[in-house]
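Heads up: the structure comes next, in structure tokens.
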Amino acid sequence: MLNQTSFEKGHFVDREMSKAYDPKAIEESIFTTWQKGGHFEQSPSAEDITKSREAGDVSADDPSLNPYVITIPPPNVTGSLHMGHALNNTIQDVLIRKNRMAGRPARWVVGTDHAGIATQNKVEQKLAKEGLTRFDIGREAFIDKCWEWRSEHGSQIINQLKAMGCSCDYDREWFTMDPSYQQAVREVFVEWFNRGLIYRGTRIINWCPRCTTALSDIEVEHEDKPGKLYHVRYPVVSDGGHASEVSTCRSRDLARHATSENHISESSITHNAEAEDIQYITIATTRPETMLGDVAVAVHPEDERYKDLVGKSVLLPLMDKPIPIIADDYVEPDFGTGALKITPAHDANDFEVGERHNLPQVNIFDKEAVVTTEGGAYEGLSREDAREKIVADLQAGGYLVEIEEHPHSVGVCYRCATAIEPWLSEQWFVDMKPLAEPAIEVVRDGQVKFHPKRWENVYFHWMENIRDWCISRQLWWGHRIPVFYCDGCNWTAALKEDLSVCPECAAPVRQDEDVLDTWFSSQIWPFAVLGNTSGTPAHCSRDFARHAASESPSYASQNCNKGDKPFTWFTPELAANYPTNALSTAPDILFLWVARMIMSGLDFVDDIPFHDVIIHPTVFNKEGRRMSKSLGTGVDPLDLMEHYGADGMRFGLMLQVTGVQDMKFDEDKLLSSRNFANKIWNAARFVQMNTDGIQMGDAPPQPEALADRWILSRLAHLVERVTESIDSFAFGEASRDLYGFFWNDFCDWYIELAKGRLNGEPEERAAVQHTLVFVLDNALRLLHPMMPYISEEIWRGLPIHADVSGAEPSLIVAQWPKQEDFATLRDVDAERRIELLKAVVSALRSTRARYQISPRTELEASVKVGKKSDGTLLQELAPQIAQLANASKLQVDVDLAKPAQSAVTVATGLEIYVHLEGLVDFEAEKARLTKERDKTAKELAKFDKKLSNEGFLAKAAPEIIEKDRAKADDLRVALAKLEAQLAEQG
RNA sequence: GGGCGAUUGGCGCAGCGGGAGCGCAGGGCCCUUACAAGGCCAAGGUCACUGGUUCAAAUCCAGUAUCGCCCACCA
């Protein structure tokens, strides 16, 4: 473990690194140094940035004038970190860190959401333990309790982000109930109200009887549940009079049938009905209890079965109330019985039918879904009890014809899973169509891009079919609707400031009791937090703000005037930071939040809130079930960090980010990542132990040796791959490339090759040392966004900072490797040659394993090469091959006789012999060679067939043909050698 | 009812037009002074199915099947 002096520069050599990487030993202190170093708070200078934006091309190349900004999706104050957060915030931190290293002022704005329903539920639960309800303590005291709750629990999730290593700007932590944020929400409401986009209306809305509040359509989740379709017959009365005598008489017969079978055949009813000369109309419903609020029975106008009945009435059973039979296109003749009961107060469709036919609206439920006095004898029953009793009574009365199994989807509250009641009530709505149109346009023309792109279609579909948004909530915790009423003169207005007396008649006014949907306030998050620095939003035009900012930010904020709109939100700071760069989020809040931010951003700031929307996969557990605390299927990221370290968790998550929409979370990947961290740690230990006392700058080495040229070429490749992958949000690809480079290229081959060379001539040793440090340095830079802790810890100890004076060097702000600086290090020739070396080493190792020769036993081996140039090369590399395969007496030549007692391996252009005096099992060798020969022959046949195909030769790309020809030739040579070997063995 | 995604070795996943890869598990050998959270070696797949496009298909198109997600006012 590195000790506390690790911060000193260039003292790699002074410290002992522990044998295994221990995340706990370093994470906290590293995080502290980042924070103390002020690296999280890179606020771009408004003047500089505004200048740069105005100058356009002049400063476009200067990253320091090109800020990189992300506003975090604010987690709920009630929340604690779950896997979705862990994934989402790792993505954002990777982007922020990469861009910060690339020299851009990077700022990740952080904060929490007041989460109206969720928080209110928590506080109510707490009160319930004391035997209290919110009504017992009153609105004001309740809101105080909510603030109290927030100050006790609100920092939890922020601390968890810190544990993950997220480099947010914690100096300014926002809360969606901050006074200035409240004011911003109010501005938005009043603006839309005054423009007529916000209106009040009595509608069927989604009501949660447990939370006792309205919800928007997208806050309702649908679950398929087993249910029943009840067929109920309503007796027809022609004159609006009563058919009760007969019906009562008949009902006893029916009741007997019903109790014995619970299923009454249609024919017997018809028969009896005819006999009694009473007509019935049978409706089908899944919710028999709502019949108490029925005001009509509807049939399709073209339906022959019922044509004659339209205009007549039926007697509503149990309520003894005549209601009309109407005709409406909405009815599907083929569903159920083709007749539909109309309950305008408890079904959105029925409501519309009711409107068309001027029917009354009978609301039979109170806010807790208990039957009201409108429900007659059923008053006071819950909806569940009412259903039970009504079904029993219908059956007893002979009205129940049939009960059919009918699975159907039930809407439930997204916060408490209680079944939603469609309920008629007066609520506030936003007219969405005018807002949606420009928001569709900016995605269509590519100003806002979704990643993966397919989500754009989901967005379009929803936006093009958008419906008005119910924004009022019957809660106490939240942004109170700023509409004031005068009961004296009916004066009403939406106001930015509170008011106590009516401006018309001086009577006392009252404010609307409801609060706003939490998503109403979160939709303005990007511009509210970026533009709202002083507490009161500045109102000035974008052009004015930009101009003023370039002169003097303070002048601008003091002198903003009204621009070309009633007001816009352009403060100088907003002008500098907005639009933000990326928004990363889960698919489930695409509509709830992302779409609405685009709409409100365009409307209030005249600009998109972000350029790129990253929709990351939803995290499921290994069995494909949703991660959920209540189901016990969740995994706690804190536990994972405990086991694998923050870096292990982050990297393990990044490995799993691909273009798919669901991610079955695989903890094995975290284990791999922890092991990966340990591998890097130990590679660094090796470098430390072998670069004792050296000092160097960070200039690239001038490689001469093949191995150095090779690893630098691989590094150059990595720089390109990782940069491009992160920039295109391909996190899985970037992490796999890093993994492969560190583990395979650097550790398995380069370090192994370096071992011998470190004991060589001083110049050789120096070259290796230089290369080791240079490669490790740059690879750590590339790794840093994904694994910030371990990379920082190791990097600080590298002997590259010896010439740095003053500020403490920190990887978090080290320069991101530039592709153009590395381009010259690409070396195709070196890569090909090292492949040859690998082939020889692998062949020798394979033979050793086959004959179970101890690694300590030196092999006696010889390589017969086909080409002279390969011979020269392998002769040069002989010492290293000898070392990697423990084959000291290695002979390489073009013309080399096969030793009598030897095992042979045929590789591309090579025959590799291992001398095995008395050990060779000729039968086994023969079997192996035969297998090898057959495989080669088969492979060759495939290529020969391809190469004799005229279509292929005519149409395939020349380089492909060339490649295949070369491959076929290689195979032919190999085959010949194998044949010869077999012939020799008889 | 509409849309989207997935189907590749025992498990979890990459690859998305030109010679089937990774991690984990399992097998053999090895505590070789960076790392046993490791090294080396070997084994394991007709890339769901059926057609089509193409010189060439795991990869593109169409259809089928299975699983999953989202949207939708058929009671």
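Letters A, B, ... mirror the listed sequences (proteins, then strands); counts begin at 1.
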### Task
Could you tell me whether A/Phe450 and A/Trp455 have their ring centroids closer than 6.0 angstrom?
no
### Integer angstrom distance from the C1' of B/rG27 to that of B/rA43
7 Å
### Task
Scan A/Tyr739 against the nucleic acid and name what it touches under 4.0 Å (heavy atoms): base, sugar-phosphate only, or nothing.
sugar-phosphate
### Task
Report yes if at least one side-chain N or O of A/Ser846 is closer than 4.0 Å to OP1 or OP2 of B/rC41; otherwise report no.
no
### Task
Report which part of the nucleic acid A/Val660 touches: base, sugar-phosphate, or nothing (heavy-atom distance under 4.0 Å, all strands).
sugar-phosphate
### Task
Name the nucleic acid region contacted by A/Phe591, choosing base, sugar-phosphate or nothing; use a 4.0 angstrom heavy-atom cut-off, strictly under.
sugar-phosphate
### Message
How many whole angstroms separate atom CD of A/Glu752 from atom P of B/rG39?
### Response
9 Å
### Query
Just to confirm, is there a sub-4.0 Å distance from OP1 or OP2 of B/rU32 to any side-chain nitrogen or oxygen of A/Asn886?
no
### Task
For B/rC61 versus B/rC29, give the span between their P atoms, rounded off to a whole number of Å.
49 Å
### Query
B/rA57 and B/rC22: how far apart are their C1' atoms, nearest whole angstrom?
22 Å
### Message
Using the P atom as the point on both nucleotides, what is the distance between B/rA42 and B/rC47, in whole Å?
### Response
24 Å
### Query
Which nucleotide, in any strand shown, forms a Watson-Crick or G-U wobble pair with B/rG68, with both distances under 3.5 Å?
B/rC4
### Query
So, is A/Lys679 close to the B/rA34 phosphate, meaning a side-chain N or O under 4.0 Å from OP1 or OP2?
no
#### Entry: Strand partner of B/rU46, provided both Watson-Crick or wobble distances fall under 3.5 Å
none
### Query
Can you tell me how far P in B/rG21 sits from the matching atom in B/rA58, rounded to whole Å?
14 Å
### Query
If you look at every strand shown and take non-hydrogen atoms under 4.0 Å, does A/Asp334 touch a base, only sugar-phosphate, or nothing?
nothing
### Message
Regarding A/Lys341, tell me which of base, sugar-phosphate or nothing describes its non-hydrogen contacts under 4.0 Å with the strands shown.
### Response
nothing
### Atom P, compared across B/rA62 and B/rC24: separation rounded to whole Å
38 Å
### Query
Is the A/Phe676 ring parallel, tilted or perpendicular to the A/Phe742 ring (thresholds 30°, 60°)?
perpendicular
### Message
Check the phosphate of B/rA34 against A/Lys19, side-chain N and O only, distance under 4.0 Å to OP1 or OP2. Yes or no?
### Response
no
### Message
It should be established whether A/Ser842 places a side-chain nitrogen or oxygen under 4.0 Å from OP1 or OP2 of nucleotide B/rC41.
### Response
yes
#### Entry: For atom CZ of A/Phe686 and atom P of B/rA34, their distance in whole Å
6 Å
### Residue whose closest nucleotide on RNA chain B lies nearer the 5' end, A/Asp224 versus A/Lys946
A/Lys946
## Note on the structure
Testing B/rC4, B/rA37, B/rC40 for proximity to the side chain of A/Arg454, the answer is B/rC4
### Message
Taking only side-chain N and O atoms of A/Trp743, does any of them lie within less than 4.0 angstrom of OP1 or OP2 on B/rG39?
### Response
yes
### Query
Reckon A/Ala954 touches a base, only the sugar-phosphate, or nothing at all at heavy-atom distances under 4.0 Å?
nothing
### Task
Indicate, with a heavy-atom threshold strictly under 4.0 Å, whether A/Ala956 touches base, sugar-phosphate, or nothing.
base
### Task
Report yes if a side-chain nitrogen or oxygen of A/Arg467 is closer than 4.0 Å to either non-bridging phosphate oxygen (OP1 or OP2) of B/rC73; otherwise report no.
yes
#### Entry: Atom-to-atom span, CG of A/Asn949 to P of B/rA57 - whole angstrom
11 Å
### Task
Over 60° means perpendicular and under 30° means parallel, so classify the ring planes of A/Tyr739 and A/Phe651, tilted if in between.
parallel
### Task
Go through the steps for A/Ile283 and A/His231 under the test side-chain contact (heavy atoms from CB on, under 4.5 Å), then give the verdict.
CA-CA 6 Å; A/Ile283 57 90; A/His231 293 241; over 6 Å; no
#### Entry: Closest heavy-atom pair and its distance - A/Pro617, A/Leu87
O-CD2, 3.5 Å
### Task
For B/rU59 and B/rG52, measure between their C1' atoms and round to the nearest Å.
15 Å
### Message
Can you check the distance between B/rA72 and B/rG3, where both ends of the measurement are the P atom (answer in whole Å)?
### Response
15 Å
